[in-house]
Chemist: 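Below is the structure I would like to discuss, written out as structure tokens.
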Amino acid sequence: MVLISSNLLNVRHPIAYSSVRVSNECPTIFSSNFQLPTAKNNVSPITHSATPLVVEEPHQAISFLLDRSKRYTLEESKQLHSYIVKLGSSPNIYFINTLIHLYAVDGHLVDARKLFDKMSHRDVVSWTTLVDGYAKFGKMGDAKDLFDSMLERNVVSWNVMISGYGKCGDVEAARQLFDQMPERDIVSWNTLISSYVWNGFSEEAFEMFRDAIIENVLPNKVTFLSILPAVADLGCAFRGGYVHTLIFKTGIDVDGVLCSALVDMYCKCDCLEMAFQLFASNPARRNVASWNPMLAGLVRCNSFEKALDLFRTMQLQNVEPDYVTMIAILPAIANLGAVGIGKWVHSYTQRKKIRVNATLGSALVDMYSKCGCIELSLQVFTMVEHKTIELWNAMVAGLAINGQGKDAIELFYQMCVANLEIDDRSFAAVLNACSHSGLVDDGLEFFAAMKDVYKISPKIQHYGCIVDLLGRAGKLEEAKDLICNNMLIKPDTVIWKSLLGACKIHGNVKIGEFAASHLIELDPSDSSSYVLMSSIYDAAGQLNDAIMMRKMMNEAGIRKEPGFSLIESGGVVHKFFVADKSHPRSEEIYTMLDEMGSKLKSIGYVPNTKLVLFDIDEVEKEAAIYNHSEKLAIAFGLIDSVNGAPLHIVKNIRMCSDCHDFMKLVSDIYNREIVIRDQRRFHHFRSGKCSCMDYW
DNA sequence: ATAGGGTTAG
């Protein structure tokens, strides 16, 4: 794996790693005191001059006009226009062309056209500027009419037409013009390459790029900035390396922007190490856009802890997150259940007046849902103005995983009425809702409607929901029949695992063996098949078979995935493994755990040592049960939070039934709401009860 | 002296 170390960034953390919990795989992850950057108000980018133009003499108007760094409002452009008119009977053609440009770049095409028509003498630039105006605003009909009536064209005229077609999605037309044009320059090549990229034709874009190299066209920085996203999209490290080498060979200066594009490309080609090296060497590290691809890359590779670490480092360096950062980092926060950081990100958008559109809204809804804060998800959902199908899907899925099946179905119906195009993911969400809430009949109805009414052919995840649904309801034969006789796709490990999990709930050895054999055949290295089957045997009293299963696993050299629990406190995510003693406050934690044990026992709690398979005595079995990572995490949560605050835990594997009983009692005795997200679902413990109704 | 091509998310 890749080593991401903040040392590479030459960051000197101002805060000591006093309460850092470092896991085995991740050398530098969470440091204490998650710091909020100091708010600055200079955010909104200025696209137009804020103050009205003061033009004292015509000469000054000209320098305003020709200053390419400025953008003007329509009124200001008209003001400049009137000054130019005052200059005399035949104003310089340069000035008029620039005025046409001023009108055209902001889409004031009628004004631009009027000026163009009034000109007594026009040159190729006048024509091209207006053509470009039409092309930039999608009016390719007007652009083409004007382009066709041009008596004289140069390479720029052709390029603006190619660009126009490319931007409006007509790559065929763009390509035709490119082939027809009498001479091409590097901009022509760049334009066509980007046209392909924008429209998703990365392979074609790369072919174009290669043609350019073959034809000895010298690529420039823009060529590389255009082709790199295509290579990224293809995820082809080989071609990525080729492009990178060419950058070296052409001697082009790798500035911040080009470096960001390279980082992004390497991330998307799964070369995180290379990406990080480039990222660390980026000359523009004060720029957010250089951090965003690296963050997104880590998240994409499921390195959530490293992503959060980098996010923190970024803030220590006073680089302000932007909209793109939010979208990139929220899935990492969601995955780790770090709701404190999530809330901070949410409030940051409000403080910085970053508009929560449907995309950002979906990410926030997803994050809050995965942190078990469904009320906050609903709040965000309600606030977003133009709701997209993605947002609706995220909300339905959120209700589903939080066990609010009826609400999810209600929202799904609202979505149907809201005239949105229901897609396969909408059905996946609502089916998931049915399966989590045990709504068997509803689920089967939705499944049928999806196929028959909406004509959406089920994907593997839809089948997964139905198998889960049937299985959890105890209809194991029906579930098996669906898998064996009625699925149009080859069942994957998730399907078999669903069935096996159901067999565990309902204690069915026979179908369990059937599912386990398929599971082991498909993925012999997955420990969970052996572990699940072993516990099914154990529960059925077939102790010898249970031991045999464990033996099989051990002999194949398969290790059980170590269980861990995450709990966030004060902006830091703490990670606990089974019997973990490496936390700096370990002693306090174990003392707390003892205390909790006695309190619970005094009201009748009996540790369920039946779950411990090995032949050890009762005292040791009890200890083994107490060592489960979620118990350590909850003990830590109790001593490290204010009284009455809800505790959120994320676990990588499913909870055992003893931990489940334990949490119920803790929630009651300590008067705390406990939210635990395991591999499959949420458990909201309150006053001695769990939202899953002991059905999981 | 005026006109054209480009990075980060999903």
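Chain letters run A, B, ... following the sequence lines, proteins first, then strands; residues in each count from 1. These numbers were taken from a predicted model, which means no experiment stands behind them.
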Chemist: Mind checking side chain to side chain contact (heavy atoms under 4.5 Å, CB included) for A/Thr129 and listing every partner two or more places apart, or none if nothing turns up?
Modeler: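 Once residues adjacent in sequence are excluded, the partners of A/Thr129 under the side chain to side chain contact (heavy atoms under 4.5 Å, CB included) criterion are A/Ile100, A/His101, A/Val125.
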Chemist: Please report the distance, rounded to the nearest Å, between CG in A/Leu391 and C1' in B/dG10.
Modeler: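 The answer, rounded to whole Å, is 14 Å.
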Chemist: Would you call A/Arg113-A/Asp142 a salt bridge at under 4.0 Å N-O?
Modeler: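 Salt bridge between A/Arg113 and A/Asp142, a charged N being under 4.0 Å from a carboxylate O: no.
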Chemist: Would you indicate what A/Thr129 reaches in the nucleic acid, counting non-hydrogen atoms under 4.0 angstrom: base, sugar-phosphate, or nothing?
Modeler: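 If one applies the 4.0 Å heavy-atom cut-off, A/Thr129 turns out to touch the sugar-phosphate alone, with no base involved.
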Chemist: With sequence neighbours left out, which residue pairs that include part of residues 241-253 of chain A fulfil the side-chain hydrogen bond (donor to acceptor under 3.5 Å, both in side chains) condition?
Modeler: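 As it turns out, the side-chain hydrogen bond (donor to acceptor under 3.5 Å, both in side chains) pairs with a partner in residues 241-253 of chain A, which skip direct neighbours, are A/His244-A/Tyr266.
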Chemist: Return a table of donor-acceptor pairs under 3.5 angstrom between the side chains of residues 174-182 of chain A and protein atoms on other chains or two or more places apart.
Modeler:
| from | atom 1 | to | atom 2 | distance (Å) |
| --- | --- | --- | --- | --- |
| A/Arg175 | NE | A/Asp179 | OD1 | 3.3 |
| A/Arg175 | NE | A/Asp179 | OD2 | 3.3 |
| A/Arg175 | NH1 | A/Tyr196 | OH | 3.2 |

Chemist: Show me the protein contacts with nucleotides 6-8 of chain B, counting only N or O atoms at under 3.5 Å.
Modeler:
| from | atom 1 | to | atom 2 | distance (Å) |
| --- | --- | --- | --- | --- |
| B/dT8 | O2 | A/Asn292 | ND2 | 2.9 |

Chemist: A/Val160 near the nucleic acid: base, sugar-phosphate alone, or nothing, with a heavy-atom cut-off under 4.0 Å?
Modeler: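 Sugar-phosphate: the residue A/Val160, judged by heavy atoms under 4.0 Å, touches backbone atoms but no base.
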Chemist: Provide, to the nearest angstrom, the distance between the CD1 atom belonging to A/Ile93 and the P atom belonging to B/dA3.
Modeler: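 One finds 13 Å between P of B/dA3 and CD1 of A/Ile93, rounded.
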Chemist: Remember a base hit wins even if backbone is also touched, and classify A/Tyr323 as base, sugar-phosphate or nothing at under 4.0 Å, heavy atoms.
Modeler: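 Since a base atom lies under 4.0 Å of A/Tyr323, the category is base.
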Chemist: Of all residues at least two apart in sequence or in a different chain, which pass the side chain to side chain contact (heavy atoms under 4.5 Å, CB included) check with A/Asn432?
Modeler: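 Residues passing side chain to side chain contact (heavy atoms under 4.5 Å, CB included) with A/Asn432: A/Ala400, A/Ile401, A/Ser435, A/His436, A/Cys465.
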Chemist: For A/Asp233, give me all partners under side chain to side chain contact (heavy atoms under 4.5 Å, CB included), at least two apart in sequence or on another chain.
Modeler: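 By the side chain to side chain contact (heavy atoms under 4.5 Å, CB included) rule, A/Asp233 matches A/Ser202.
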Chemist: Can you measure A/Asn154 atom CG to B/dA3 atom C1' for me and round it to whole angstrom units?
Modeler: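 Distance, rounded to whole Å: 8 Å.
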Chemist: Take the protein atom CZ of A/Phe116 and the nucleotide atom P of B/dA3, then report the distance between them rounded to whole Å.
Modeler: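 Between P of B/dA3 and CZ of A/Phe116: 16 Å.
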Chemist: Which listed nucleotide (B/dG10, B/dT2, B/dG5) is nearest to the side chain of A/Val125?
Modeler: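 The answer is B/dT2.
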Chemist: So does A/Phe147 get a backbone contact from the side chain of A/Trp127, meaning a donor-acceptor N/O pair under 3.5 Å?
Modeler: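 Absent.
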Chemist: I need the CG-P distance between A/Leu115 and B/dA3, as an integer number of Å.
Modeler: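 Rounded to whole Å, this separation is 14 Å.
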Chemist: So if I take residues 171-186 of chain A and measure heavy-atom distances to DNA chain B, which residues fall below 4.0 Å?
Modeler: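 Contacting residues: A/Asp185, A/Ile186.
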Chemist: Closest approach to the side chain of A/Tyr94, judged atom by atom: which nucleotide of B/dG5, B/dA1, B/dA3 is it?
Modeler: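 Nearest listed nucleotide: B/dA1.
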Chemist: Residues in salt bridge (Lys or Arg N to Asp or Glu O under 4.0 Å) with A/Lys459, at least two apart?
Modeler: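 Applying salt bridge (Lys or Arg N to Asp or Glu O under 4.0 Å) to A/Lys459 gives A/Asp424.
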Chemist: Taking atom C1' of B/dA9 as reference, at what distance in whole Å does atom CD1 of A/Ile327 sit?
Modeler: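 Computing the A/Ile327:CD1 to B/dA9:C1' distance gives 6 Å.
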Chemist: Specify the separation, in whole Å, of atom CG of A/Asn92 and atom P of B/dA1.
Modeler: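 Between P of B/dA1 and CG of A/Asn92: 12 Å.
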Chemist: In chain order, what residues pass the side chain to side chain contact (heavy atoms under 4.5 Å, CB included) check against A/Asp423, with sequence neighbours excluded?
Modeler: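 Testing A/Asp423 for side chain to side chain contact (heavy atoms under 4.5 Å, CB included), a comparison that skips the adjacent residues, returns A/Ile389, A/Asn393, A/Arg425, A/Ser426.
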